[in-house]
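We count ligands from 1, going down the list as the structure has it; atoms in each ligand are counted the same way. We use all heavy atoms of the structure for the numbers below, so side chains are in, but hydrogens, waters and symmetry mates are not.
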Amino acid sequence: MLQSQFVGLTPPPWTNPAPPARFFCRGRPQVKWILPGSRPRLRRPVARAVHSFEGHPPEDTKPSAMQRVLVVGGGCTGACAAMLLRKKLGPDASIEIWEKARGFGGRMTTTRQDVAGETIRADVGAQYLSADLSDPTSKELIDMLLTRKVVAEVGGEKGPGAKGLCSTPERQSGGSWHHFAGLEGGVNSALKCLADQAQATAYFEKRVASMDPVAGGKWRVRPFTGAPETFDAVLFAVPGCGVGGDNIDKIHGGWENLIDEECNRQLRSPQHDHRHAVVLFLAPEHLQACEAFFGPSNIEAQIDDDMVHLLAYQSRKTACIGGPVSKSPVVVVHTTHEFSRRNQRAGGRDRPFLEAVAGRVVHEYLKIPKGVRLDNIVLGSKVITWKQCQITRSMKGPAAFPLCKPLSDDPPLVLAGDYFTNSSFTGCAMSAANAVSALSSMLKGEKIANAVATASSAKRPADSDDGGYGKGQGKGKDSKGGKGKGKKGGKAEQGYRERY
Ligand SMILES: Cc1cc2nc3c(=O)[nH]c(=O)nc-3n(C[C@H](O)[C@H](O)[C@H](O)COP(=O)(O)OP(=O)(O)OC[C@H]3O[C@@H](n4cnc5c(N)ncnc54)[C@H](O)[C@@H]3O)c2cc1C
């Protein structure tokens with residue numbers, strides 16, 4: 001199947017018989033032939049490469065013609081969904097992931113910075129994949145990630161970091177819950193691995209602007225940049241409604257006709273908390289201060305003062321599971337809800353905000369004397385405002401598919417995400433599994449949503465707090481008429497690196 005997509009391209013004679021690697025960024029495909037044993041050298045950002053095709057036998061359905069399925073969103077739900085779709089639909093289906101950011105992650109994003117001569121990775125959202133291994137889907141996916149040495153367990157009874165995790169209210173613990181960190185220093189490696197195993201083709205910096213049903217029972221999906229494309233089925237794995245930068249509120253078009261008053265009320269019911277995450281890359285000479293504060297074995301400290309909720313000792317977390325050891329210690333700060341509410345507009349460009357958080361951590365907790373200038377202590381930082389951080393109230397789908405929302409049978413459309421379950425790896429995996437099951441039934445012609453998408457001008461119910469259909473579409477701006485703070489959906493602080 002992969003080979004056939006490159007019909008007309010003749011490989012140079014020295015290439016191996018494996019299919020060409022495919023890299024897509026801003027929707028521009030670049031086909032590269034790779035010498036046996038060599039690795040592609042590309043300018044960042046790059047999408048993943050497809051190196052081999054192992055093939056997955058379909059579970060219970062064999063598509064008659066090649067089905068083209070789109071997963072919108074390359075976060076945890078999207079990556080799990082891609083993997084589960086491949087299992088369900090078999091090797092012939094074409095599975096694409098369109099992700100607006102430069103790589104997989106979403107709220108499981110990992111940043112990378114060059115600090116004091118070394119490149120260090122740090123998790124800015126979730127610190128772990130928290131999985132309930134009594135859930136068969138979570139167990140299967142985690143087992144695959146463990147086998148491929150992409151993640152390792154942290155904080156088990158006997159394993160590395162044993163008992164070093166805090167028991168915070170927002171993180172599930174006890175019973176069959178286990179926590180896994182990325183062996184290369186970040187949880188987003190796990191999402192890359194899932195998408196690779198799914199043999200999904202990922203397009204980065206490809207943000208969906210609108211989606212409409214078209215003749216022949218297909219969806220026409222329009223990105224902000226580039227030409228629209230048609231798909232047989234679509235799975236939205238973006239955050240649910242809320243105040244965040246990019247979520248289902250920001251995707252417009254005919255699909256919105258499927259949302260009636262009741263559905264709109266349900267979709268607006270989930271609630272999220274709000275936090276800032278601040279990564280502090282410290283100078284190597286402050287390693288001792290971190291070691292003294294966290295003690296011999298802890299990898300977290302729950303603070304809960306008026307500003308800081310949690311301090312995560314990222315560099316120890318990575319080192320204790322056998323990942324790269326950095327000379328520079330890295331500490332990740334999660335702020336309290338109250339503090340984030342008071343500083344809603346603060347982000348990475350807000351120097352007083354960053355100085356306040358960094359100053360509190362390095363002077364009050366790490367006990368580094370105030371005489372040392374902050375910019376000699378903190379060599380790099382990254383701030384993300386998580387406006388839709390973790391779910392505090394979820395919604396239920398229909399009785400047959402309670403962990404997702406099938407919206408249309410023809411063409412098939414399903415919504416999935418942690419807002420149907422809980423904010424964890426398992427929450428995403430369970431919703432993805434439910435959505436994939438609904439989608440594959442719809443592709444076989446079953447009526448699941450009992451609704452057919454119609455092409456007429458779209459308008460969401462009046463109580464929607466969305467800025468209005470169509471404003472700002474196709475302009476690469478916030479859908480609320482381009483009034484957002486940032487270039488893309490108001491997350492001005494994302495991708496910004498503040499150097500003290
Ligand atoms: C601070 C913090 C701490 C956490 N701690 C933990 C923990 O310890 N353990 C744990 O298991 N979980 C934790 N979580 C929760 C976990 O991160 C989330 O539940 C999970 O990442 C949600 O995944 P998702 O795919 O549903 O959504 P997201 O991660 O939000 O992914 C959605 C993706 O869709 C993309 N997108 C949005 N709109 C568009 C568009 N129009 N077109 C294309 N792409 C689009 C976004 O860029 C994003 O990548 C934490 C989360 C946060 C924020």
Side-chain angles (χ1 to χ4, degrees), residues 70-82 97-109 123-132 138 142 154-155 165-166 168 170-173 177-181 187-188 190-191 194 202-211 221-224 234-240 242 244-252 272-278 300 309-310 312 317 332-335 337 340 384-391 394 404 415-432 435 479 488-489 491 494:
L70 175 65
V71 175
V72 182
C76 186
T77 305
C80 292
I97 301 175
W98 288 12
E99 164 55 50
K100 68 156 188 146
R102 290 179 182 183
F104 292 106
R107 279 169 281 160
M108 290 196 172
T109 194
D123 292 313
V124 198
Q127 295 292 308
Y128 306 97
L129 309 181
S130 301
D132 177 356
S138 304
I142 291 287
V154 179
L165 288 186
C166 291
T168 55
E170 72 275 9
R171 185 189 295 140
Q172 299 77 359
S173 58
W177 282 92
H178 295 255
H179 307 282
F180 301 87
V187 283
N188 78 342
L191 310 190
L194 287 169
Y203 291 79
F204 297 128
E205 296 186 303
K206 195 150 179 170
R207 179 179 171 212
V208 173
S210 64
M211 190 173 85
V221 188
R222 195 153 66 87
F224 271 84
V234 174
L235 192 155
F236 278 171
V238 303
D246 271 310
N247 53 37
I248 53 172
D249 278 339
K250 308 287 164 39
I251 302 177
H252 298 289
H272 302 78
D273 56 23
H274 177 135
R275 283 188 204 288
H276 287 81
V278 181
E300 286 182 342
H309 165 54
L310 184 79
K317 175 185 79 177
V332 183
V333 188
H334 288 173
T335 61
H337 303 314
S340 288
I384 292 190
T385 310
W386 296 113
K387 289 181 183 161
Q388 283 175 252
C389 184
Q390 283 170 278
I391 288 288
S394 61
C404 65
L415 312 182
D418 62 351
Y419 57 102
F420 292 97
T421 49
N422 56 68
S423 286
S424 67
F425 178 81
T426 286
C428 297
M430 288 174 73
S431 178
S479 60
K488 289 188 178 182
K491 274 193 178 176
Q494 278 214 23

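In terms of protein heavy-atom proximity, atom 20 (C) of ligand 1 is closest to C428 SG, 3.6 Å. The protein atom (non-hydrogen) at minimum distance from atom 40 (C) of ligand 1 is V208 N, 3.6 Å. The nearest heavy-atom contact from the protein to atom 9 (N) of ligand 1 is S130 OG, 2.8 Å. Atom 16 (C) of ligand 1 has as its closest protein heavy atom M108 CE, 4.0 Å. For atom 19 (O) of ligand 1, the closest heavy atom belonging to the protein is D418 OD2, 2.8 Å. Looking from atom 17 (O) of ligand 1 to the surrounding protein, the closest heavy atom is R107 O, 3.3 Å.
Considering backbone and side-chain N/O atoms, C389 never comes within less than 3.5 Å of an N/O atom of ligand 1. The distance criterion of under 3.5 Å between nitrogen or oxygen atoms is not met by N247 with respect to ligand 1. Between N422 and ligand 1, not a single N/O pair is under 3.5 Å apart.
The shell of residues lying under 4.0 angstrom from ligand 1, judged by heavy atoms, includes R171. The closest approach between G427 and ligand 1 stays at or above 4.0 Å for every heavy atom of the residue. For K206, the closest heavy-atom approach to ligand 1 falls below 4.0 Å. Distances from ligand 1 to the non-hydrogen atoms of A277 include no value under 4.0 Å. Heavy-atom distances between R275 and ligand 1 stay at or above 4.0 Å for every pair.
Listed by chain and number, the residues in a ring-ring contact (aromatic ring centres under 6.0 Å, His included) with F180 amount to none (sequence neighbours excluded). Taking A416 as the reference, T77, L235, S431, A435 meet the side-chain contact (heavy atoms from CB on, under 4.5 Å) condition, with sequence neighbours excluded.
H337 and H309 have parallel rings, their planes meeting at less than 30° on a 0 to 90° scale where 60° marks the start of perpendicular.
Put simply, CG on D246 and CZ on R207 are 4.0 Å apart, with the number rounded to the nearest 0.5 Å.
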